[in-house]
Amino acid sequence: MSTQNNASGTTGALTDAGITPDKKTFLQSLTEDWWAVILGTIIIVAVLYLTYNGTAITLPAYKWATADDLFNKILSGGNLLLILETGVIFLALASVAIGLSGGNVARFAAGFSLIYLFAIISFIIGGNKNVSYFGLEYVVFALLIGIFLGNVVKLPEWLKEAVRSEFYIKTGLVILGTTILSADLIKAGLPGIVQAVIVVTAVWFFSLWLSRRLKVDDEFGVILASAVSICGVSAAIVAAGAINGDKRKLSYVTTLVLIMAIPMMIIQPWAVRYFHIPDVIGGAWLGGTLDTTATVTAAGDLVGPIAVKAGVIAKFSQNVFIGVAAFFIAIWWAYKKPKGENGEVLVKAESPGLKIVWERFPKFVLGFVAASLVFSFLLSPATAKSVAPTLNGLRTVWFAIAFISIGMEAKFSSLVKLQGGRPAFTFITAQIFNIFWTLLWSYILFGGYLFPVPDFK
């Protein structure tokens, strides 16, 4: 990452619960969520400041089609320097958070550097034209690399210091808030919004009901339900933050989401063509079931441009529910007594109150919402549009690092061993329900039965 002026420890730090109990300073008392908000804000403000001052920000290139592109463009000296500069900036920002909260900066820096290298490899693989044609993006390769390292290689302690998936992805989610604009939501149209409400609500409650029927504990059930019904990994992270969930369970759900996404991205576009489903309906179906805008776009491309537009609208309408879901899940969880798979109370009863809600509320969601409000109402549409590519590129770096870390934390053996494989069965069954339920409402809402068929031509 470069700019060009056009005008002239311990591993206890930054964990789910904050840091080790012996907090002594205000900075050491800051939780992982607050550091995510701080780092995300610094990045957003820096990009806006440089843009206002006429400074162009150049990010590394990763898209290539031929061997010549790979060696003369991606692996060129200039591009490698941009990759190095970006890594140094990200390392510096993260190290400040780790150091000020009591972590081992030296071990973190060594581990982060290696994880960043693997993230770059995933970008390069996913940037190939032939690979991206099949909808396989960097997320898949980052996860696979992480899974290989976590399941085959014994990770050294210095590397474990940098495996902080939630910290990275929460920082990325704060930046993601800059893309959730109120004006775009209005453009999404009534069909997309109604579909999002009906699909998210029904699938979420069905998933939680099924979890309970299969004796999966509520903590697992909430994370599973949020991942299936809203938008996959991001929603799972938000839900886990809202209930202060177990990192193993979050890693488990993330693995399931990304494993399921691959066949869905291939089979669903095929089904649209084979069963002659209208493109607009097929696109809405893809947007309501696939978990990211990138996968929706990739799958929609296999159908046609109308499917892409309908899919993105449907997906965007669901993405808006991230913050809303976090708010209600945090309140609900604070006022209930979570029970385990055998019905035992997992935590002691606490007197319900705003203090408990505030303590359990995922603070990084405040950064997400604040970014959305600022970019929706305080900045001009031209400014928001001008900085969007840069912020999106920086966000994906945080996400790539997070997915490498998630893969390292994921253990394939746990898919079967953890609670007897019931969470995996719950997720797959709920996803099947989601696929057919969303297809039904895509026909009703985008097929001209309740609203005029959207004209995306």
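Just so we're clear, the structure is a prediction, and the values are computed from it rather than from any experiment.
Under the 30°/60° scheme for interplanar angles, the aromatic rings of F108 and F112 are found to be tilted.
Scanning both residues, T171 and G40, for their nearest heavy atoms gives CG2-N, 3.8 Å.
Remark: side-chain polar atoms of D33 are paired, donor with acceptor, to backbone N or O of K363 under 3.5 angstrom. When atom types are taken as modelled, the side chain of S76 and the backbone of K73 share a donor-acceptor pair closer than 3.5 angstrom. Looking only at distances, a side-chain donor or acceptor of W285 sits under 3.5 Å from a matching main-chain atom of I435. Here the side chain of N104 pairs a donor or acceptor atom with the backbone of A106 at under 3.5 angstrom. In this structure, the side chain of S122 engages the main chain of A119 through a donor-acceptor pair within 3.5 Å. Looking only at distances, a side-chain donor or acceptor of Q195 sits under 3.5 Å from a matching main-chain atom of A284. Checking side-chain atoms of T178 against main-chain N and O of I175 turns up a donor-acceptor pair under 3.5 Å. Distance alone, capped at 3.5 Å, is enough to place a donor-acceptor pair between the N72 side chain and the D68 backbone. No donor-acceptor pair under 3.5 Å is formed between the side chain of S372 and the backbone N or O of F368.
Distance CD1/I120 to CD1/I404: 10.0 Å, rounded to 0.5 Å. Atom CD1 of I306 and atom CD1 of I281 lie 11.5 Å apart (nearest 0.5 Å). The OG1 atom of T254 lies 8.5 Å from the CD1 atom of I223; values are rounded to the nearest 0.5 Å.
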- Item | Step-by-step side chain to side chain donor-acceptor pair (under 3.5 Å) determination, S386 to T383 | CA-CA 5 Å; S386 67; T383 300; 5.2 Å; no
- Item | side chain to side chain donor-acceptor pair (under 3.5 Å) between T438 and N434, intermediate numbers included | CA-CA 6 Å; T438 305; N434 180 30; 2.9 Å; yes
- Task: Start with the C-alpha gap between R107 and E157, add the side-chain angles, then the distance that decides, and say whether salt bridge (charged side-chain N to carboxylate O under 4.0 Å, His left out) holds.
- Result: CA-CA 8 Å; R107 293 202 308 186; E157 291 302 317; 5.2 Å; no
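Here side chain to side chain donor-acceptor pair (under 3.5 Å) pairs that include residues 392-401, with residues two or more places apart or in two chains, are N392-R395.
In this structure, Y252 has its ring center closer than 6.0 angstrom to the ring center of F220.
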